[in-house]
Asker: 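Structure below; questions to follow.
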Amino acid sequence: MATESSATPPAQAARSTAYDPTTIEPRWYRYWESNGFFRAERRPDKTPHVIMMPPPNVTGRLHMGHALQDTIQDALTRLRRMQGYEALWMPGKDHAGIATQNVVERTLREQEGRTRHDLGREAFVERVWQWVDEYGDIILQQKRRLGDSCDWSRERFTLDARYERAVQDVFVRLYEEGLIYRGDYLVNWDPENRTALSDEEVENVERDGHLWYVRYPIEGEDGFITIATTRPETMLGDTAVAVHPEDERYRHLVGKTVRLPLLGRSIPIIADEYVKMEFGAGALKITPAHDKNDFEIGRRHGLDVINIMNPDATINERGGPYAGLDRFEARERIVADLEAQGLLVKVEDHTVNVPISSRSKEVIEPLISRQWFVRMEPLAKPAIEAVRDGRITFYPERWANEYFRWLENIRDWCISRQLWWGHRIPVWYHTRPDGTIDESRGFVVSIDQPEPGMVQDEDVLDTWFSSWLWPFATLGWPDEDEQTRQDLAYFYPTDVLVSGYDILFFWIARMIMAGLHFTGEVPYRDVFITGMIKDKYGRWMSKSLGNGIDPLEMIEQYGADAVRFSLTILCAQGQDIKLDPTKFEMGRNFANKIWNAFNVFGQFMEIGEDGRPLRDYRRQRAFGELELVERWMLTRLNQTIAAVEEDIARYRLNEALTKIYQLFWGDYCDWYLELIKPPKGQDMDEDTIALAVELYERMIQLLHPFMPFITEELWWRLRPRRDGEACIVSAWPTRNEAEEDPEGAAVFGLMQEMISGIRNVKSQHGVAPGKEITALVNLPAEAVGSIEALRRHARYFDRLARVTDLTVGSGLARPAACASVVVGRAEVFVPLAGMIDLDQERERLAREIEQKERFLTGVQKKLANPQFVTKAPAEVVERERQKERDATAELKRLRASLAELG
RNA sequence: GGGCGGUUAGCUCAGCCGGUUCAGAGCACCUGCCUUACAAGCAGGGGGUCACUGGUUCGAAUCCAGUACCGCCCA
């Protein structure tokens, strides 16, 4: 029983000539959704096709990247659905730890002048939930405007209770397997957010900096050793000076000590191969607590580790007189003080690589802190294997290399974050009577509180530590109830992941690791990596540049179908897209073309007041009984279906869509429709309507995955249909080779060339296209078939080139004052007495002759080469011979025509 | 420093597991058309030594090597 909202929407009663998507699109979306067409269920009789939508951040707003990737995922989902698969496109959203916390903190600050610390953890997290409840769904609502046909009944959130359980379960498992450990290490510290970040969240940016040369006085003798540094403020934490063991300049100093300027601490001079002799002065200050390499050196030499910084990147009490200063202020002061003491030798300009937080864009501070890590190597190995042995395929392939490179050099993953919003780390500590944590008693890793009085780790997990479980946790893993077990068995592994290369490491690779480790299977078989959307100058779209293009505005302006069409056609394999809003005109124009093409035959159909046809126009004629142009069109259609199939199998959606576009516009509209139009004032006969409907129907089915709205709307205007017989669930067209007629199509192709030639002649001679003319087609006597076909289809010449009198035969005399067109073995004479400009015609023919000669010379050169004749495949040689014969004959006729013009 | 991608018409880009007049599309441009489906359109046209150099091959925009410039990723 259809509910009110699921009733098929009425068609617009009054048709306007320009297609207006604004009312049509939302109506069909409601219709599809309320009829459950997006829903997927376990159906043992059907093969599933599953795509997991990369969950957008709850703070997110739809941008062009989403629009592109959703368009692709939706096209694949709709296509598979039509092909009879049980198509599941699973939507959801990501809690996005730092991003979301930042948004709420900012609102708090701006609206109430308070910080999260003013509220306290519990109240703050409560606030974030309120925010998520209010705004978290916006992006998913926006996705509906695009037409996403995902199964909203299965929508998941990375902080759903069940999902949270999965995340914590994974933590516990990995810990028990020895793959998670805690330790004090140098991590990437974001002073703005005051949290650790993973290596992947750090961007290295080249900046103009300086190289300061500083003298460290040697103890026990006069003299100095000069070190060079790009970060002088870290000298407060120096615990050694290092030189290369083979550096003759310094060899005698190794083992001695220097007095650290400003603080006066005594530190050793050590020898380490890491030091580059040619860099700076050849001596390096070592600050194990604030530099990755120094940390390693410090470890090798058992150096002290002195942390001189607070979490907010101010200098701590270990910095003596500089305590309390911001790191950059401290730098200036230290340089000034060194200079004042005569210890600054010189300053050079120097380009430095500065690590930047991809979150806050603040300069990252390498800082020693106690964090949780995942041992990645054991997880990476199977992930490498899965791609190497072909269980997973990347499209385009080259991304597999990026993937290998990262996995083969993988470093442990810092997963703890000093945030409040996210999955709390399932680790518990004993407390002392005063409530503080008693580290001496160790910790317990457990989802639930192990014993009363224990407190949970304050930190939360990296957001990606939850989203790497997305493909299976969304299906209920690791629950073992019957429902979940069967869902996983049916829908998992999924078929294809569509995403951008920007999260290849963050997410795609980690999902593969997690999938293999926890489910024993790959999470998806194909990975389709899209290019990224850039602005028209090739720059990343960003808020700060203000160069973003809002997909919703574009949808308003051009329609979702148009946006989808343009994005798909622009999305070539792996290439970034330089997007300009005018590109959407392409899609809009095409939608308009589709809309208007319907009218060519639609105006002759019996249509009810609701815009729906009253009768079903069904083809009565067998293929052989069809008109030439009809057989040609069916041939083109079937060939295109086959080609589209191949393109889609390789994820070449742009090529598939281009072919459908050409079929619809270039063949169907420009030739077929023009030829089936009845003469003015006459009706279109039913047989003609029936085939026009059939062809149109199949083409809008081909277009439906890409342009779902307009195709659904027109689908219902083509035939009377029962409730629920929607385009979205119609059967995808398959190639019918029985309805291909290559010979007929070739004859039609010949006519197309002739017609184009005649149009060209008219245009070149300034004859109005509508001017009625006569023409003669001369063919060799043996071309009986062609002669007959042309005679029978003289109407085509009338219709398309206004040739009202066509004579076809062999040995026809060339009329005086005529232009001529050579097509293969045929010659078309166009008598244009009184209209023809002889000079023009001579010029035109000369041009053609020149072109043809160039072509023939090329062919003859090939054939004159004995190597070619003997080595090239026989059919290629034969093809060249045929070309030579044709061109020679054509040239002869062209020359004759020119000669006869005098 | 290592790796990858790009360089094709004025612009934006397809084509790239070699051979169909393969040199294409859209936009822009020029000419002519409000031809009762569509001016968001129709018909016709101009425009490119496929970055450069060399190689493989009977044959290269397409495969290989190198060079230049642009961009990205990693260190």
Side-chain angles (χ1 to χ4, degrees), chain A residues 15-20 199-200 203-204 292 353 396 398-399 401-402 404-406 409 501-502 504-505 531-532 534 536-540 558-559 562 566 569-580 582-604 650 652 654-655 658 661-662 665-666 669-670 673-674 677 680-681 755-771 799-802 844 847 851-852 854-856 858-859 861-873 875-877 879-880 882-883 886-887:
Chain A
R15 277 187 47 102
S16 55
T17 89
Y19 173 61
D20 177 13
D199 293 337
E200 287 69 36
E203 299 163 8
N204 287 300
K292 279 220 159 102
N353 257 332
R398 67 186 150 89
W399 290 110
N401 294 328
E402 274 299 276
F404 292 139
R405 196 180 44 67
W406 185 72
N409 299 293
Y501 56 76
D502 54 333
L504 178 60
F505 310 140
M532 307 301 293
K534 306 286 185 64
K536 63 193 281 198
Y537 305 107
R539 302 172 304 183
W540 288 89
Y558 298 99
S566 293
I569 214 126
L570 290 170
C571 181
Q573 285 257 303
Q575 281 334 109
D576 287 346
I577 297 174
K578 281 194 234 172
L579 191 66
D580 182 280
T582 59
K583 298 278 186 192
F584 296 116
E585 288 172 13
M586 212 191 312
R588 181 199 55 185
N589 294 356
F590 186 45
N592 192 238
K593 189 75 178 178
I594 296 169
W595 185 250
N596 282 292
F598 168 80
N599 208 222
V600 175
F601 57 88
Q603 62 180 310
F604 300 107
R650 298 191 304 156
R652 307 261 177 150
N654 64 324
E655 288 177 37
T658 302
Y661 172 86
Q662 279 164 354
W665 199 317
C669 293
D670 290 348
L673 285 182
E674 289 302 331
K677 275 185 200 169
K680 273 182 200 161
I755 287 162
S756 292
I758 295 167
R759 284 167 167 176
N760 183 341
V761 162
K762 287 174 89 170
S763 168
Q764 300 274 308
H765 289 288
V767 178
K771 171 86 181 165
R799 185 86 231 179
L800 297 174
R802 299 301 357 242
R844 204 181 63 83
R847 228 182 2 252
Q851 268 176 14
K852 198 64 72 183
R854 217 177 314 132
F855 175 69
L856 182 61
V859 173
K861 221 168 99 189
K862 256 189 207 176
L863 286 166
N865 183 347
Q867 300 272 43
F868 172 72
V869 182
T870 51
K871 291 197 179 173
E875 74 256 28
V876 173
V877 177
R879 207 147 52 213
E880 291 302 313
Q882 187 60 46
K883 279 190 211 165
D886 291 349

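Letters go in sequence order (proteins before strands), and every chain restarts at 1. Bear in mind that the values here come from a model prediction, so they are computed numbers and not experimental data.
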Asker: Please give the nucleotide sitting opposite B:rA68 as a Watson-Crick or G-U wobble pair, both distances under 3.5 Å, or none.
Answerer: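 The base-pairing partner of B:rA68, which may sit in any strand shown, is B:rU7.
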
Asker: Return the nucleotide paired to B:rG32: Watson-Crick means purine N1 to pyrimidine N3 with N6-O4 or O6-N4, wobble means G-U with N1-O2 and O6-N3, both under 3.5 Å.
Answerer: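 Result: B:rC42.
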
Asker: Quick one: on RNA chain B, does A:N204 or A:M586 contact a more 5' nucleotide (nearest heavy atom)?
Answerer: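 Counting from the 5' end, the first nearest nucleotide belongs to A:M586.
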
Asker: Counting side-chain heavy atoms from C-beta on, which of B:rC73, B:rG19, B:rC42 comes nearest to A:F868?
Answerer: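 Shortest atom-to-atom distance from the side chain points to B:rG19.
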
Asker: Rounded to whole angstrom units, what separation is found between the CG atom of A:L673 and the P atom of B:rA43?
Answerer: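 Computing the A:L673:CG to B:rA43:P distance gives 12 Å.
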
Asker: Determine the interatomic distance between P on B:rA9 and the same-named atom on B:rG1; round to the nearest Å.
Answerer: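 Those two atoms are separated by 32 Å.
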
Asker: Take atom P in B:rC22 and the same atom in B:rC42, then report the distance between them in whole Å.
Answerer: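 Between the two P atoms, the distance is 23 Å.
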
Asker: For A:R398 and B:rG3, is the shortest distance between a side-chain N/O and OP1 or OP2 below 4.0 Å?
Answerer: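 It does not, given that no N or O in the side chain of A:R398 lies less than 4.0 Å from OP1 or OP2 of B:rG3.
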
Asker: Which residue, A:F590 or A:Y661, contacts RNA chain B at a nucleotide closer to its 5' end, judged by nearest heavy atom?
Answerer: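 Its nucleotide being nearer the 5' end, the pick is A:Y661.
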
Asker: Within the structure shown, what part of the strands sits under 4.0 Å from A:E402 by heavy-atom distance: base, sugar-phosphate, or nothing?
Answerer: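 It contacts sugar-phosphate atoms only.
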
Asker: Please state the P separation for the pair B:rC63 and B:rC17 - nearest whole angstrom.
Answerer: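 The same atom, P, in both gives a distance of 6 Å.
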
Asker: Over how many whole Å does the gap from A:L504 atom CG to B:rC4 atom C1' extend?
Answerer: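 About 12 Å, once rounded to whole Å.
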
Asker: Tell which nucleotide pairs with B:rU21, taking only Watson-Crick or G-U wobble pairs whose two distances are both under 3.5 angstrom.
Answerer: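 Answer to the pairing question: none, since B:rU21 forms no Watson-Crick or G-U pair.
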
Asker: What's the gap between B:rA14 and B:rG24 when it is taken at their C1' atoms, as a whole Å value?
Answerer: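 Each nucleotide's C1' atom is 8 Å from the other's.
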
Asker: Taking the side chain as everything from C-beta on, heavy atoms only, tell me whether A:L504 gets closer than 4.5 Å to A:W399.
Answerer: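 Yes; the side chains approach each other to less than 4.5 Å.
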
Asker: Side chains of A:F868 and A:V876: closer than 4.5 Å at any heavy-atom pair?
Answerer: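 A side-chain contact exists here, since the closest heavy-atom pair is under 4.5 Å.
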
Asker: Given atom CZ of A:F604 and atom P of B:rU36, what is their separation to the nearest angstrom?
Answerer: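 Computing the A:F604:CZ to B:rU36:P distance gives 13 Å.
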
Asker: Looking at the side chain of A:K680, which of B:rG45, B:rG26, B:rU36 is the nearest nucleotide?
Answerer: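 For A:K680, the side-chain atoms sit closest to B:rU36.
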
Asker: Reckon A:K578 touches a base, only the sugar-phosphate, or nothing at all at heavy-atom distances under 4.0 Å?
Answerer: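 Answer is sugar-phosphate: A:K578 comes under 4.0 Å of backbone atoms only.
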
Asker: When all nucleic acid strands are considered with a 4.0 Å heavy-atom cut-off, which category describes A:N401: base, sugar-phosphate, or nothing?
Answerer: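 No contact at all - A:N401 keeps every heavy atom at 4.0 Å or more from the nucleic acid.
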
Asker: In this structure, how many angstroms lie between the P atom of B:rG5 and the CZ atom of A:R405, rounded?
Answerer: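 Atom CZ in A:R405 sits about 12 Å away from atom P in B:rG5.
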
Asker: What integer distance in Å separates A:L570:CG from B:rG26:P?
Answerer: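 Atom-to-atom, A:L570 to B:rG26, this comes out as 13 Å.
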
Asker: May I have the distance from A:R588 (atom CZ) to B:rC38 (atom P), rounded to whole angstrom?
Answerer: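 In whole Å, B:rC38 P lies 17 Å from A:R588 CZ.
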
Asker: Checking all strands, does A:K762 fall into the base, sugar-phosphate, or nothing category for heavy-atom contacts under 4.0 angstrom?
Answerer: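 No contact.
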
Asker: Below the 4.0 Å mark, does B:rC42 have OP1 or OP2 next to a side-chain nitrogen or oxygen of A:W665?
Answerer: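 Yes, A:W665 has a side-chain N/O under 4.0 Å of OP1/OP2 on B:rC42.
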
Asker: Within the 4.5 Å heavy-atom criterion, are A:E402 and A:F505 side-chain neighbours or not?
Answerer: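 They are in side-chain contact.
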
Asker: Do A:E674 and B:rA43 share a donor-acceptor pair, side chain to base, under 3.5 Å?
Answerer: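 There is none.
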
Asker: Heavy atoms from C-beta onward define the side chain here; which of B:rC42, B:rA37, B:rG45 lies closest to that of A:D670?
Answerer: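 It is B:rC42.
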
Asker: Sort out the partner of B:rU57 for me: Watson-Crick or G-U wobble, both distances under 3.5 Å, none otherwise.
Answerer: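 None - no nucleotide pairs with B:rU57, as no candidate has both distances under 3.5 Å.
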
Asker: Please determine, for the side chain of A:K871, which listed nucleotide (B:rC73, B:rG44, B:rC58) has the closest atom?
Answerer: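 Nearest listed nucleotide: B:rC58.
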
Asker: To the nearest angstrom, how far is A:F404 atom CZ from B:rG2 atom C1'?
Answerer: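 In whole Å, B:rG2 C1' and A:F404 CZ are 18 Å from each other.
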
Asker: Can a side chain N or O of A:S756 be found less than 4.0 Å away from OP1 or OP2 on B:rA43?
Answerer: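 Looking at the OP1 and OP2 atoms of B:rA43, neither is under 4.0 Å from any side-chain N or O of A:S756.
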
Asker: Do the side chains of A:K593 and A:N589 get nearer than 4.5 Å, heavy atoms only?
Answerer: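 Sidechains of A:K593 and A:N589: no contact.
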
Asker: Once rounded to the nearest 0.5 Å, what's the spacing between atom CG of A:N596 and atom OH of A:Y19?
Answerer: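 The distance works out to 11.5 Å.
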
Asker: Is any side-chain heavy atom of A:E585 less than 4.5 Å from a side-chain heavy atom of A:R588?
Answerer: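 Counting from C-beta outward, A:E585 and A:R588 do come under 4.5 Å.
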
Asker: Mind checking the C1' distance from B:rC16 to B:rA28? Whole angstroms is fine.
Answerer: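 Approximately 27 Å lies between the C1' atom of B:rC16 and that of B:rA28.
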
Asker: Hey, is the side chain of A:K677 poking within less than 4.0 Å of OP1 or OP2 on B:rA37, counting only N and O atoms?
Answerer: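 Checking B:rA37 against A:K677, a side-chain N or O does come within under 4.0 Å of OP1 or OP2.
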
Asker: Under 4.0 Å: is that the gap between some side-chain N or O of A:N589 and OP1 or OP2 of B:rG26?
Answerer: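 Answer is no, no contact under 4.0 Å.
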
Asker: When all nucleic acid strands are considered with a 4.0 Å heavy-atom cut-off, which category describes A:N353: base, sugar-phosphate, or nothing?
Answerer: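 Base contact.
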
Asker: Ignoring the backbone of A:K583, work out which of B:rG45, B:rU12, B:rA37 is nearest its side chain.
Answerer: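 So the nucleotide nearest the side chain must be B:rU12.
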
Asker: Using the P atom as the reference point in each nucleotide, state the distance between B:rC74 and B:rU62 in Å, no decimals.
Answerer: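 Each nucleotide's P atom is 31 Å from the other's.
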
Asker: Reckon A:R652 has a side-chain N or O less than 4.0 Å from the OP1 or OP2 of B:rC16?
Answerer: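 Looking at the OP1 and OP2 atoms of B:rC16, one of them is under 4.0 Å from a side-chain N or O of A:R652.
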
Asker: According to a strict under-4.0 Å criterion, is A:N599 in side-chain N/O contact with OP1 or OP2 of B:rC38?
Answerer: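 So the side chain of A:N599 is outside the cut-off, no N or O lying under 4.0 Å from OP1 or OP2 of B:rC38.
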
Asker: Are side-chain heavy atoms of A:I569 and A:K583 found at a separation under 4.5 Å?
Answerer: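 When only atoms from C-beta onward are counted, A:K583 and A:I569 do not touch, as no gap falls below 4.5 Å.
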
Asker: Closest approach to the side chain of A:Q575, judged atom by atom: which nucleotide of B:rA37, B:rA14, B:rG44 is it?
Answerer: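 Selected nucleotide: B:rA14.
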
Asker: Closer than 4.0 Å, any side-chain N/O of A:N592 to the OP1 or OP2 of B:rG41?
Answerer: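 A:N592 to B:rG41 OP1/OP2: no side-chain N or O under 4.0 Å.
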
Asker: Checking contacts here: which listed nucleotide (B:rC72, B:rA37, B:rG45) is nearest the side-chain heavy atoms of A:N596?
Answerer: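 Per side-chain heavy atoms of A:N596, the pick is B:rA37.
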
Asker: Here's a test for you: under ring pair (Phe, Tyr, Trp, His ring centres under 6.0 Å), which of A:F584, A:Y661, A:Y558 qualifies with A:F590?
Answerer: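 Considering A:F584, A:Y661, A:Y558, a ring pair (Phe, Tyr, Trp, His ring centres under 6.0 Å) with A:F590 is found only for A:Y661.
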
Asker: For atom NZ of A:K292, is the number of surrounding heavy atoms from other residues, nucleotides or ligands below 6.0 Å larger than 12?
Answerer: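 Check passes, neighbour count above 12.
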
Asker: Taking any strand in view, what nucleotide pairs with B:rG47 in a Watson-Crick or G-U wobble way, both distances under 3.5 Å?
Answerer: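 No nucleotide pairs with B:rG47.
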
Asker: Can you tell which of B:rC42, B:rC74, B:rG44 lies closest to the side chain of A:R759?
Answerer: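 Nearest to the side chain of A:R759 among the choices is B:rG44.
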
Asker: Taking only the P atom of each, what is the distance from B:rG46 to B:rC73 in whole angstrom?
Answerer: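 The same atom, P, in both gives a distance of 44 Å.
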
Asker: Report the distance from atom CD1 of A:I755 to atom C1' of B:rG44, rounded to the nearest whole Å.
Answerer: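 Taking CD1 of A:I755 and C1' of B:rG44, I get 15 Å after rounding.
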
Asker: Mind checking the P distance from B:rG47 to B:rA25? Whole angstroms is fine.
Answerer: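 About 14 Å, rounded to a whole number of Å.
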
